[in-house]
Amino acid sequence: MNKTKTYSVRFISLMIFSLALYLSLVYSNVLVIEKQTSLYIAATCAGIFLIGTLIIAPGLNKNAEDFTLRFLLLTTVQMLIVFFIVGIMAFQKINNVRIIGFHLLAIVVELLILQSYLLVKIKNRNS
């Protein structure tokens, strides 16, 4: 299996597992947040990272400089999108924006760590 497909399958699988774990914690009342809001958070994270996978995965088969530029651009854009979403919620004065923002940021940071780890591990793999 080439690097692009390996990364895509592994990351999407881990992302689905992470979001399912988050939603199971919410629905079992371990994390206190509205259930509908948690679905929006999970869908937002899934959308951001699925689009990110489409951007970064082709860069795994290219030279190191091109991969590095794609990686830095991707990570920056993902974080800016999340901060933009939290900013919009704050300006709209949505109830519990602080809790929603913390949940969103926690999931995004976790997924960024997984994404970075897999990208570096698969890029450095000799094949």
Side-chain angles (χ1 to χ4, degrees):
M1 200 174 345
N2 67 11
K3 291 180 179 182
T4 299
K5 190 170 184 175
T6 302
Y7 167 74
S8 298
V9 168
R10 287 184 184 172
F11 180 71
I12 291 172
S13 300
L14 285 172
M15 180 182 66
I16 290 170
F17 174 76
S18 296
L19 293 175
L21 179 63
Y22 168 70
L23 290 173
S24 68
L25 289 173
V26 169
Y27 278 85
S28 64
N29 294 323
V30 173
L31 297 175
V32 180
I33 190 169
E34 292 179 16
K35 290 164 181 50
Q36 186 71 28
T37 303
S38 69
L39 290 173
Y40 290 138
I41 291 171
T44 301
C45 290
I48 291 170
F49 283 92
L50 285 175
I51 291 170
T53 300
L54 294 174
I55 294 169
I56 195 70
L60 287 168
N61 296 324
K62 297 185 179 181
N63 63 8
E65 184 177 324
D66 186 43
F67 169 73
T68 304
L69 290 174
R70 280 180 182 248
F71 177 74
L72 291 174
L73 179 67
L74 175 70
T75 305
T76 303
V77 168
Q78 286 172 327
M79 288 302 294
L80 286 174
I81 289 170
V82 171
F83 289 137
F84 182 72
I85 290 169
V86 172
I88 288 173
M89 288 188 306
F91 283 120
Q92 290 182 346
K93 299 184 181 187
I94 292 176
N95 292 335
N96 300 323
V97 70
R98 188 176 294 172
I99 294 170
I100 296 168
F102 283 140
H103 279 251
L104 183 62
L105 285 174
I107 294 170
V108 167
V109 167
E110 180 220 348
L111 290 174
L112 278 174
I113 291 169
L114 284 172
Q115 174 181 277
S116 300
Y117 174 76
L118 280 176
L119 284 170
V120 171
K121 183 177 177 181
I122 291 172
K123 181 65 178 171
N124 289 336
R125 186 181 71 182
N126 293 331
S127 61

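Only a predicted model underlies this, so the values are computations on that prediction, with no experimental measurement involved. If you read the sequence from its start, that first residue is 1, and numbering goes on from there.
- Taken to the nearest 0.5 Å, the CG atom of Asn124 stands 7.5 Å off from the NZ atom of Lys3.
- Taking CD1 of Ile85 as the start and CD1 of Ile100 as the end, the distance is 12.0 Å to the nearest 0.5 Å.
- In this structure, the separation between OG on Ser24 and CG on Leu31 is 9.0 Å, given to the nearest 0.5 Å.
- Here the OG1 atom belonging to Thr4 is positioned 10.0 Å from the CD1 atom belonging to Ile56, to the nearest 0.5 angstrom.
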Between Leu50 and Leu54, is the side chain to side chain contact (heavy atoms under 4.5 Å, CB included) condition met? List the steps. CA-CA 7 Å; Leu50 285 175; Leu54 294 174; over 6 Å; no
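- Nearest heavy atoms, Thr6 versus Asn2: OG1-O, 2.8 Å.
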Would Ile33 and Ile41 satisfy side chain to side chain contact (heavy atoms under 4.5 Å, CB included), going step by step from the backbone distance to the final call? CA-CA 11 Å; Ile33 190 169; Ile41 291 171; 3.8 Å; yes
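- No donor-acceptor distance shorter than 3.5 angstrom exists from the side chain of Ser38 to the backbone of Leu23, with no hydrogens or angles considered.
- Across Val77, Val108, Leu112, a single residue satisfies side chain to side chain contact (heavy atoms under 4.5 Å, CB included) together with Val82, and that is Val108.
- The environment of Lys35 atom NZ is dense: over 12 non-hydrogen atoms of other residues, nucleotides or ligands sit within 6.0 angstrom.
- Checked against side chain to side chain donor-acceptor pair (under 3.5 Å), Ser18 has the following partners two or more places apart in sequence or in another chain: Glu110.
- Under the 4.5 Å side-chain contact rule for hydrophobic residues, Leu19 and Tyr117 do not share a cluster.
- There is no path of hydrophobic side-chain contacts, each under 4.5 Å, that joins Phe91 to Ile99.
- Listed by chain and residue number, nothing satisfies the side chain to side chain donor-acceptor pair (under 3.5 Å) test with Gln92 (two or more places apart in sequence, or in another chain).
- Placement of Ile81 and Phe102 in two distinct hydrophobic clusters is found when ILVMFWY residues are connected by side-chain heavy-atom separations under 4.5 Å, directly or transitively.
- Considering only heavy atoms from C-beta on, Phe49 stays 4.5 Å or farther from Ile12 through its side chain.
- In this structure, Tyr27 has no side chain to side chain donor-acceptor pair (under 3.5 Å) partners at least two apart in sequence or on a different chain.
- Residue Val32 comes nearest to His103 through the heavy atom pair O-NE2, 4.3 Å, listed as atom of the first residue, atom of the second, then distance.
- Taking every heavy atom of both residues into account, Lys123 and Leu60 meet most closely at NZ-O, 3.1 Å.
- In this structure, the side chains of Leu119 and Phe11 stay at 4.5 Å or more apart for every pair of heavy atoms.
- Residues Gly52 and Gln78 approach most closely at CA-NE2, 3.9 Å, considering heavy atoms.
- Of all heavy-atom pairs spanning Arg70 and Ile55, the tightest one is NH1-O, 2.6 Å.
- Distance CG/Leu104 to OH/Tyr40: 14.5 Å, rounded to 0.5 Å.
- There is no path of hydrophobic side-chain contacts, each under 4.5 Å, that joins Val120 to Leu14.
- Atom CG of Leu73 and atom OG1 of Thr68 lie 12.5 Å apart (nearest 0.5 Å).
- Through direct or indirect side-chain contacts shorter than 4.5 Å among Ile, Leu, Val, Met, Phe, Trp and Tyr, Ile88 is connected to Phe84.
- Residues meeting the side chain to side chain donor-acceptor pair (under 3.5 Å) test with Tyr7, sequence neighbours left out: none.
- The nearest pair of heavy atoms linking Leu111 to Cys45 is CD1-CB, 4.1 Å.
- With contacts defined as side-chain heavy-atom distances shorter than 4.5 Å, the pair Leu114/Met15 does not qualify.
- Residues Leu39 and Ile16 fall within the same hydrophobic cluster, defined by Ile, Leu, Val, Met, Phe, Trp and Tyr side chains chained together at heavy-atom separations under 4.5 Å.
- In the hydrophobic clustering, where aliphatic and aromatic side chains (Ile, Leu, Val, Met, Phe, Trp, Tyr) are joined below 4.5 Å either directly or transitively, Ile113 groups with Val109.
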